[in-house]
Protein chains: 2
Amino acid sequence: MGESRNPTVTLRMIADELGIHPSTVSRVLNASGSDPSKWAAAETVQRIRNLATERGYHPNVYAANLRTARSNLVGVIVPRLQDYVLATVYEGIEEAAIEHGLSTFVTNSLDRADNRRARTSMMIERRVGGLIFGDAHLEDSFLEEIAAQDIPFVLVSRYTGAHISVTGDDYLGGRLVGEHLLSIGRRNVAILAGLPFASTARDRTRGVTDVFKEAGIGISADRIVHGPFDAAGGRAAANAVLRSGRYPDAIFATNDFAAIGALGSLRDHGLSVPEHVALVGYNDTPLAAEMLVPLTTVRSPMHVMGRRALELLADIMAGQSVVSEHLKPELIVRASSRIA
Amino acid sequence: MGESRNPTVTLRMIADELGIHPSTVSRVLNASGSDPSKWAAAETVQRIRNLATERGYHPNVYAANLRTARSNLVGVIVPRLQDYVLATVYEGIEEAAIEHGLSTFVTNSLDRADNRRARTSMMIERRVGGLIFGDAHLEDSFLEEIAAQDIPFVLVSRYTGAHISVTGDDYLGGRLVGEHLLSIGRRNVAILAGLPFASTARDRTRGVTDVFKEAGIGISADRIVHGPFDAAGGRAAANAVLRSGRYPDAIFATNDFAAIGALGSLRDHGLSVPEHVALVGYNDTPLAAEMLVPLTTVRSPMHVMGRRALELLADIMAGQSVVSEHLKPELIVRASSRIA
DNA sequence: TGGACTTACGCAATCGATTGTGTAATGTTG
DNA sequence: CAACATTACACAATCGATTGCGTAAGTCCA
C-alpha cells in the first residue's frame, strides 16, 4: 500500500493523528507479543496498530538506542570473507540473527592486530550488544581486554583460552585424517598446517601427528609448514615441502583451498595424485568433489557453526549462561587418497 | 593509555572537567581538519583535544545521528558472500569505505525478491546514507522504487536500467572468449550462462554469441543453459548440456566456480579437457591457475570494482554527479583451451 | 456510600550531540 | 575616543523514543 510515501513517520505523528499521547503508542507497539495490552483499551490498541502499519511506521533506531542504550546489533569479525569457510559461517550467523530479530555487522580483520583492534572499537562505538569473533588467536591477550569490558561475545571456528566458543572438533578431524592415511599405507606425510596462531590449524595438525606417533611414526618438524588458508598459501607451503626433493607420499592440507593450491604445486613438480602423493583437504567445500581427481576431505558443519554461535550469543545477551560447543566432523574419502 | 576504562565518555563529561560548555567541545572536535579553530582559543583547543584523546572520547553515533539525521553508514546488498567474486568486491568496498570514514553494513539477498525488499528496508531503518547493490536484476522495478525515495545508491558487478553502476565490461569479456574459441578451432560451443536476470550473465553470453554470429556460426538456444554461479550450478548446467549426447567441443562457463562444476561433470562423462572439450571460465579466481588442467578464464577487476563503487557512492552522497564505469577485462589463456 | 483498586492513559524528563542565536570581553579603526 | 568588529565562548532548543510517575474515571466490595 502507501508504504514509503513519507520519509519519516514518527511516533508523535501517529499519536497526534490518533489524538493520544506518544507514550501510549510506544508502549502498545513495544508490548507486541508478550503482554497483550494492559496499556490501552483493546480498541485503542487496534487503532494504533492499524495506523502504524498503514503509515509504515518503523521506530527510529537511533532515538531508541540513545534512550535505552540497548541495541540489537551484533558485530561479527572474521579474518576474511573471501574465505569460503568464514563466509559460510557468516551466512549461518546472519540467518540465525534474522530469526532472533538481531542485525549483524561484519568486517574483515585479515588476522592483523591493528585491524582487530580498530574494527572492534568501531563496533563498540556502534553500540553492538554482542560480538562474534571468527579470528581468535592462540596466545593473545586481545580477547581478555574485551572480556574485561564485559561486553558479551563468543568465538566461532577458532577458540582460545576459556572463552565461549562454537568450533568444529578439529583435533578429531585431524585424527580421522591420520587414521585414514595410515590405513592406505602412507607413512611419509607432510602437513600444510595453516596459520600457527589458529586453533583450527594447530588441532588438525596435532590430530594427525598424535595418530602417527601412536603408530610409532614420527613426523619431523620440517614436514609441517605453516601458511595462509588459501590457494596461494597452499601452493607456497607445498613448494616448500617439495623443494627438498624428498617427496612425501601424502599431503594433508588443513583447508581445501590450500589443498587445491598444493595440487597446482604437485602438478608442476610432475607428481600425480593419488599415485605419487595422496592429497587430503579440510572443510569439504563444494569444489572438492568436482576436481578432476576428487578430493578427500573432512566435512565440517560451517553453516551450523555460525548459527550456533549466534544462538549462544543471543543466550548470553539474554543473561543466560552457556557452554562451548564442539561440532563433529566427518571424513569424506574420495579419489585423491586411494591405496598406494 | 587509559583507554577503555570508562565505558561511556560523553561530551558533557569532558566539557565539565574543562569547565567549558559542551557545545564548544563539540565544535572544536568536529572542526578537525578543515577550519583550524575559530571556535576556541588555540590553547583551549589543545586542552580539549588532549583530554578527549586521553579519556578515549568517541561521539555517540546514535545521539549524533538522531540530531543530524546524517549517517556515515553505507548499506551493501549482495546476492551471496559465499561467492568469492562478491566477497572480493565487498572487500574492495570495505577498504575504500574505511578510507572515506564510512562504515559498511553487508547482507545477502540470495537474489530473492522478498529478501531484497526486507534487507533494503532494514538498511533504510538503520538510516544508511547510501546503498550499494550487487544483486541488480534486469527487468525489475525494485530499484526504481528505491530511486524514488531519493536515497543515493550505486550498482556494482551487475547493472540494470540507467542507474549508476560500476561493472566489468562483460560484453567485451564474452567477445574475448568467443574470439579465442574460434582461434583454437572450436565451433560447437555450449554456454553455461548463469542467472538469466544478471547483466553479467547476459552480456558475457551475448559477447560469445555475437562473435560466433559474425563468423557465420549460430549457437542454438539449447546450447545455452542457465543456472547459479557456483559449482553445483555449473555441474547441473553441464549435465544438462551433456545429457543430449551431442557433445560440444567447448564449454564457456560465465563463472570459474561453475567451470569447476562443469569439470566434474565432464570427468563423469569421460570427457577430457582440453582434448574433447575446451573449458573456459570467468573471473580468474585464484583456483583457476591451480587446477590439474589450468583453467582459461577472463580476469575481471573485482576488488577495484568494489572500490570504485564506494567512491562513486561517496561522491553522490557529497552531492556530486558521477557517471557509470565499465572496467576492462583481460583474457587469460591456460591449458584448458589449447588448440584441438 | 465511601474507601480501595483497577483501567487507560497523559506528563515530562532523559539519552548525547548538534547548532542557531546570543553576549561579554577584547581589539581595531577613523 | 567612540563606534564597530572580532574573538571566544555560553544558552537552550532539538532530534525521536522510552519510562517512572501521576491521575481522572470507572468498578467493586463491605
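Chain naming here is simple, since letters A, B, ... match the order of the sequence lines and numbering starts at 1 in each.
Note that NE2 of His303(B) and CD of Glu91(B) are 7.0 Å apart. Values are rounded to the nearest 0.5 Å. Note: Met317(B) CE to Leu102(B) CG = 5.5 Å, rounded to the nearest 0.5 Å.
The phosphate of dA17(C) (OP1 or OP2) has no side-chain N or O of Asn30(B) nearer than 4.0 angstrom. For the OP1/OP2 pair of dA17(C) and a distance below 4.0 Å, the side-chain nitrogens and oxygens of Ser26(B) include no atom meeting the criterion. Listed pair Arg27(A) / dT7(C) fails the phosphate criterion, with no side-chain N or O lying under 4.0 Å from OP1 or OP2. Put simply, Arg47(B) has no side-chain N or O that comes within less than 4.0 Å of OP1 or OP2 on dA8(D).
For Ile48(A) and dA8(C), the CD1 to P distance is 12 Å, given to the nearest whole Å. For the pair Met13(B) CE and dA17(C) C1', the interatomic distance rounds to 15 Å; values are reported in whole Å. If you measure from atom NE2 of His21(B) to atom P of dA24(C), you get 16 Å, rounded to the nearest angstrom. The distance between atom CG of Leu11(B) and atom P of dA17(C), rounded to the nearest whole Å, is 5 Å. Between Glu125(A) atom CD and dG16(C) atom P there is a gap of 15 Å when expressed in whole angstrom units. Atom-to-atom, CG of Asn72(B) to C1' of dA17(C) comes out at 14 Å; the value is rounded to the nearest Å. Atom pair Trp39(A):CH2 and dT7(C):C1' shows a separation of 11 Å (rounding to whole Å applied). At whole-Å resolution of the value, CD1 in Ile14(B) and P in dC9(D) are 14 Å apart.
In terms of heavy atoms, Ile316(B) sits closest to Pro152(B) at CG2-CB, 3.7 Å.
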Take Thr104(B) and Glu94(B) through the side-chain hydrogen bond (donor to acceptor under 3.5 Å, both in side chains) test and state the conclusion after the steps.
CA-CA 6 Å; Thr104(B) 60; Glu94(B) 196 193 20; 4.8 Å; no
Worked verdict on Ser71(A) versus Arg127(A) for side-chain hydrogen bond (donor to acceptor under 3.5 Å, both in side chains):
CA-CA 7 Å; Ser71(A) 108; Arg127(A) 263 61 176 182; over 6 Å; no
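Taking the side chain of Ser23(A) as heavy atoms from C-beta on, and the options dA17(D), dA12(D), dG10(C), the nearest nucleotide is dG10(C).
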Give each protein N/O atom lying under 3.5 Å from an N/O atom of nucleotides 13-15 of chain C, with the pair distance.
| residue | atom | partner | partner atom | Å |
| --- | --- | --- | --- | --- |
| dT14(C) | O2 | Arg67(A) | NE | 3.3 |
| dC15(C) | O2 | Arg67(A) | N | 3.3 |

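Side-chain contact between Arg307(B) and Glu99(B) is present, with heavy atoms from C-beta onward closer than 4.5 Å.
For the pair Tyr62(B) and Thr24(B), both in contact range of DNA chain C, the more 5′-proximal nearest nucleotide belongs to Tyr62(B). Taking for each of Thr44(B) and Tyr57(A) the nucleotide of DNA chain D with the nearest heavy atom, the 5'-most of the two is the partner of Thr44(B).
Under the 30°/60° scheme for interplanar angles, the aromatic rings of Tyr62(B) and Tyr62(A) are found to be tilted.
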